[in-house]
Amino acid sequence: MADKEQKIKPQSSTTNPQYSTPETVEYTDDNIRHLSDMEHIRTRPGMYIGRLGDGSLPEDGIYVLLKEVIDNSIDEFKMNAGKRIEVDVDENLRVSVRDYGRGIPQGKLVEAVSVLNTGGKYDSKAFKKSVGLNGVGVKAVNALSRHFEVRSYREGKVRTLTFERGILQTDKTEKSGDENGTYIYFEPDNDKTLFKEYRFQDDIIETMLRNYTYLNQGLTIMYNGKRIVSRNGLQDLLTDNMTVDGLYPIVHMKGEDIEIAFTHTNQYGEEYHSFVNGQHTTQGGTHQSAFKEHIARTIKEYFGKYEYADIRNGLVAAIAINVEEPVFESQTKIKLGSTQMAPEGESINKYVGDFIKREVDNYLHIHTEVAEVIENKVKESERERKAMAGITKLARERAKKANLHNRKLRDCRIHYSDTKNNRKEESCIFITEGDSASGSITKSRDVNTQAVFSLRGKPLNSFGLTKKIVYENEEFNLLQAALDIEDGLDSLRYNKVIVATDADVDGMHIRLLIITFFLQFFPDLIKKGHVYVLQTPLFRVRNRRTKIKSKKVIAEEDTRKAERGEKKGDFITRYCYSDEERLKAIGELGPDPEITRFKGLGEISPEEFSGFIGPDMRLEQVTLHKNDQVQKLLEYYMGKNTMERQNFIIENLVVEEDRPEEDDNA
């Protein structure tokens with residue numbers, strides 16, 4: 001009996017690490033630290049600006065810094081102090097913003113830009129309905145900048161302060177003949193723990209600045225000498241952003257602290273642009289929810305029938321409201337949490353609802369020709385919904401069963417719809433071709449934030465088909481269910497939908513078919529910036545270490561391998577995403593390197609793949625702009641004009657000879 005008990009007794013921690021207990025670490029007064037305001041921001045930047053990033057995405061931290069500076073200038077404009085803002089970006093690295101408002105009070109200039117919880121917006125005397133209320137914004141810019149300069153022009157004097165990484169360097173006051181206002185210059189810190197290898201992107205900044213002008217008619221923004229202005233507010237926003245034509249002229253209405261614009265199109269789904277006090281709330285919030293509810297209710301009550309979903313199908317709309325002391329769900333202010341227009345004031349839902357009920361109902365009674373177009377669109381949506389009602393029910397049941405035992409979906413633990421999870425922005429899903437590619441990704445992925453959906457060969461070309469095919473085609477239906485976007489993006493489960501296909505002709509075709517599916521039925525998924533293409537290396541170039549004599553090179557390579565979680569080996573390896581990178585690698589590694597061309601994702605081992613889908617993975621965002629002429633592009637590339645495409649291919653075909661150095665080791 002004693003022998004049996006001995007067999008099942010856990011081994012000690014010295015012989016079996018599985019049963020080891022954490023070593024107790026001494027906890028003393030020395031472990032308690034106090035950080036200054038600037039140190040705290042630099043130590044915990046995510047609390048203040050969200051993600052860091054390199055500037056390739058609109059939500060990256062450098063644009064939050066820019067926004068925080070411009071928000072202050074916009075608040076001046078809202079108080080009728082300064083109608084012009086000048087924004088200059090030097091070499092995509094350094095930014096200056098000059099407004100012509102009242103200028104920051106000079107006596108408190110140091111505190112205003114370097115001491116947290118200090119600001120002029122804690123009451124509504126100097127500022128009303130401002131977006132920057134917490135006394136944080138420009139301090140974060142200062143702390144996270146390699147160099148920061150602020151000038152306040154007031155009453156014939158200018159006070160200038162310079163900082164480095166939040167530490168005051170110089171302070172001087174002198175006479176000035178310049179107009180009143182504030183000038184801020186900052187250069188984000190490229191320290192290895194912050195904005196490493198960042199670049200400001202012109203198109204992202206211009207979109208941001210245009211949004212400011214849509215919401216502030218009469219404001220002029222000069223961006224690197226280019227004049228940006230809007231004369232028609234949200235009407236201009238929809239005109240500039242719609243990728244398909246409206247079925248009737250954009251309906252544009254303004255009231256005190258509220259502005260809306262909308263029209264219907266022939267695209268599937270709904271599309272909304274929402275703003276609070278000039279802040280683009282990309283994730284919506286209480287004001288957007290109120291708009292969706294009341295626009296559908298008002299139209300339904302006007303006609304006396306129809307379902308909300310049918311009324312909103314194809315709707316493209318924008319809403320902007322001004323709220324006193326708004327509450328956002330994070331410091332980056334992308335979702336409104338406020339329920340009232342002001343403290344102790346009317347509810348946002350009622351305020352928006354009363355405005356829409358009054359104005360839209362009146363508009364429909366006066367413009368009966370627009371009401372007729374809307375009703376025809378709603379009837380068309382209703383007919384299509386009823387025609388596939390039976391199919392939809394069966395497809396939902398099939399998808400529900402499949403979700404329990406779906407061999408094509410390897411889900412992750414954290415989802416974009418997990419509102420309280422601070423890692424939800426990291427959630428993504430890879431759409432792969434075949435089990436071979438999905439196997440490599442599945443074995444090397446982060447199971448917390450990365451899901452994998454495996455396709456069976458080439459999906460159906462959905463161009464020109466109705467949404468009925470989404471439910472009839474099992475693969476499309478399962479993909480829709482995996483993303484949870486049947487009823488719109490509010491429940492989207494993954495922030496990034498990443499198409500991961502081979503870099504060959506078949507892979508490119510599959511990529512186009514998937515993007516066509518999204519463009520056809522879920523265009524807002526692309527418009528909101530959720531769809532990406534994974535870039536994977538075309539070549540692996542490596543050379544034996546014996547041919548590399550520099551100890552410094554060996555040490556650097558070992559460090560990079562350790563960062564990727566790889567073991568030290570006999571090879572110096574370079575992964576190349578283009579011919580240019582391949583030639584550069586050959587030059588670095590010397591003559592006669594071993595070159596492998598990857599013909600498919602399945603050929604890349606899970607150990608190697610972990611580096612390609614890690615924090616530094618290369619993603620190309622799929623974007624959609626008004627001048628893309630989506631319908632014409634889809635019709636040409638995915639339509640039935642086979643001969644036209646065939647002639648184009650024949651006339652433009654380029655045949656490349658095989659590279660001899662690849663044949664030996666491919």
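Heads up: numbering here begins at 1 and tracks the sequence.
Panel note: side chain S338, backbone V327; a donor-acceptor pair is recorded below 3.5 Å. Side-chain atoms of N495 come within 3.5 Å of backbone atoms of E425 as a donor-acceptor pair (strictly under, hydrogens ignored). Remark: side-chain polar atoms of E68 are not paired, donor with acceptor, to backbone N or O of A140 under 3.5 angstrom. At least one donor-acceptor pair under 3.5 Å links the side chain of T265 to the backbone N or O of G314. No donor-acceptor distance shorter than 3.5 angstrom exists from the side chain of K83 to the backbone of G218, with no hydrogens or angles considered. Proximity of a side-chain donor or acceptor of Y198 to a complementary backbone N or O of N190 within less than 3.5 Å is not detected. Judged purely by atom type and a 3.5 angstrom limit, T213 has no side-chain atom pairing as donor or acceptor with the backbone of V229. Using modelled atom types, one side-chain atom of E581 and one backbone atom of Y577 make a donor-acceptor pair closer than 3.5 Å.
Here the straight-line distance linking atom NE2 of H264 with atom CD1 of I250 works out to 13.0 Å at 0.5 Å rounding. To the nearest 0.5 angstrom, I613 atom CD1 is 8.5 Å from I498 atom CD1. Atom CD1 of I319 and atom CG of L234 lie 9.0 Å apart (nearest 0.5 Å). To the nearest 0.5 angstrom, K254 atom NZ is 10.0 Å from F355 atom CZ. Atom OG in S145 sits 6.0 Å away from atom CG in L65 (nearest 0.5 Å). Interatomic distance, CG of N266 versus CG of L247, reported as 4.5 Å (0.5 Å rounding).
You'll find the side chain of L492 stays beyond 4.5 Å of the side chain of S417, heavy atoms only. When side chains are defined from C-beta on, V497 does not count as touching Y532, because their heavy atoms never get closer than 4.5 Å. The shortest distance between side-chain heavy atoms of I221 and L219 falls below 4.5 Å. Counting only heavy atoms from C-beta outward, the side chains of L237 and H273 approach each other to under 4.5 Å. Considering only heavy atoms from C-beta on, V316 stays 4.5 Å or farther from Y272 through its side chain. Using a 4.5 Å heavy-atom cutoff, the side chains of L336 and P326 are in contact. Using a 4.5 Å heavy-atom cutoff, the side chains of F186 and R146 are not in contact. Considering only heavy atoms from C-beta on, I205 stays 4.5 Å or farther from D203 through its side chain.
Pairing each heavy atom of L479 with each of I431, the nearest pair is CD1-CD1, 3.9 Å. Among all heavy-atom pairs drawn from F77 and Q217, the shortest one is CZ-O, 3.6 Å. Nearest heavy-atom pair, K467 versus Y268, reported as atom, atom and distance to 0.1 Å: N-OH, 3.1 Å. When all heavy atoms of K292 and E270 are compared, the closest pair comes out as CE-OE1, 3.6 Å. Nearest heavy-atom pair across P459 and L513 is O-CD1, 3.3 Å. In terms of heavy atoms, P58 sits closest to Q621 at CD-OE1, 4.3 Å.
Residues forming a ring-ring contact (aromatic ring centres under 6.0 Å, His included) with F291 (at least two apart in sequence, or on another chain): none. Residues meeting the salt bridge (Lys or Arg N to Asp or Glu O under 4.0 Å) test with D60, sequence neighbours left out: R51. Residues satisfying the side-chain contact (heavy atoms from CB on, under 4.5 Å) criterion with T182, sequence neighbours excluded, are D99, I104, V150, I184. In this structure F518 satisfies the ring-ring contact (aromatic ring centres under 6.0 Å, His included) test with no other residue, sequence neighbours excluded. When the ring-ring contact (aromatic ring centres under 6.0 Å, His included) test is applied to H530, the partners found at least two apart in sequence or on another chain are Y416. Contacts of Y63 classified as ring-ring contact (aromatic ring centres under 6.0 Å, His included), with partners at least two apart in sequence or in another chain: F200.
If you check the side chains of Q340 and Y351, you find no donor sitting under 3.5 Å from an acceptor. When only modelled atom types and interatomic distance are considered, Q267 and K527 share a side-chain donor-acceptor pair under 3.5 Å. Counted by atom type alone, K67 and Q279 present one or more donor-acceptor pairs between their side chains at under 3.5 Å.
Under a 4.0 Å N-O distance rule, the pair K78/E76 does not qualify as a salt bridge. Between D189 and R165 there is a salt bridge, since at least one side-chain N of the basic residue sits less than 4.0 Å from a carboxylate O of the acidic one. Salt bridge E86/K226: absent, no basic N to carboxylate O contact under 4.0 Å. Between R413 and D418 there is no salt bridge, since no side-chain N of the basic residue sits under 4.0 Å from a carboxylate O of the acidic one. Ionic pairing of R98 and D88 is not present here: no N-O contact between side-chain nitrogen and carboxylate oxygen is shorter than 4.0 angstrom.
The six-membered or imidazole ring of F275 lies away from that of Y214, with a centre-to-centre distance of 6.0 Å or more.
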* Kindly indicate, with the supporting measurements, whether the criterion side-chain contact (heavy atoms from CB on, under 4.5 Å) is fulfilled by F195 and I62. => CA-CA 8 Å; F195 306 104; I62 58 173; 3.6 Å; yes
For ring pair (Phe, Tyr, Trp, His ring centres under 6.0 Å), just list the numbers for F262 and H252, CA-CA rounded to whole Å, side-chain angles, deciding distance to a tenth of an Å, and then say yes or no.
CA-CA 7 Å; F262 67 90; H252 183 213; over 10 Å; no
Verify side chain to side chain donor-acceptor pair (under 3.5 Å) between N241 and E271, making sure each step is shown before the conclusion.
-> CA-CA 11 Å; N241 285 276; E271 180 182 334; over 6 Å; no
I would like to know whether K139 and V141 meet side-chain contact (heavy atoms from CB on, under 4.5 Å); could you show each step before the answer? CA-CA 5 Å; K139 290 83 167 174; V141 181; over 6 Å; no
Step-by-step side chain to side chain donor-acceptor pair (under 3.5 Å) determination, Y212 to D71
CA-CA 9 Å; Y212 280 118; D71 280 348; 2.7 Å; yes
Using the ring pair (Phe, Tyr, Trp, His ring centres under 6.0 Å) rule, take F517 and F521 through it: C-alpha gap first, then chi angles, then the decisive distance, then the call.
CA-CA 6 Å; F517 169 71; F521 302 114; 5.8 Å; yes
Checking R151 against E149 for the salt bridge (Lys or Arg N to Asp or Glu O under 4.0 Å) test, could you report, in this order, the C-alpha distance in whole Å, the side-chain angles of both residues, the deciding distance, and whether it holds? CA-CA 7 Å; R151 302 177 200 157; E149 180 179 335; 2.8 Å; yes
Q. Does the pair F163 and H147 meet the rule for a ring pair (Phe, Tyr, Trp, His ring centres under 6.0 Å), with working shown?
A. CA-CA 6 Å; F163 295 78; H147 182 80; 9.3 Å; no
Could you walk me through whether N349 and H294 pass the side chain to side chain donor-acceptor pair (under 3.5 Å) test, one step at a time?
CA-CA 9 Å; N349 187 282; H294 291 289; 2.9 Å; yes
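Just one of T282, I321, T281 meets the side-chain contact (heavy atoms from CB on, under 4.5 Å) condition when paired with S274; it is T281.
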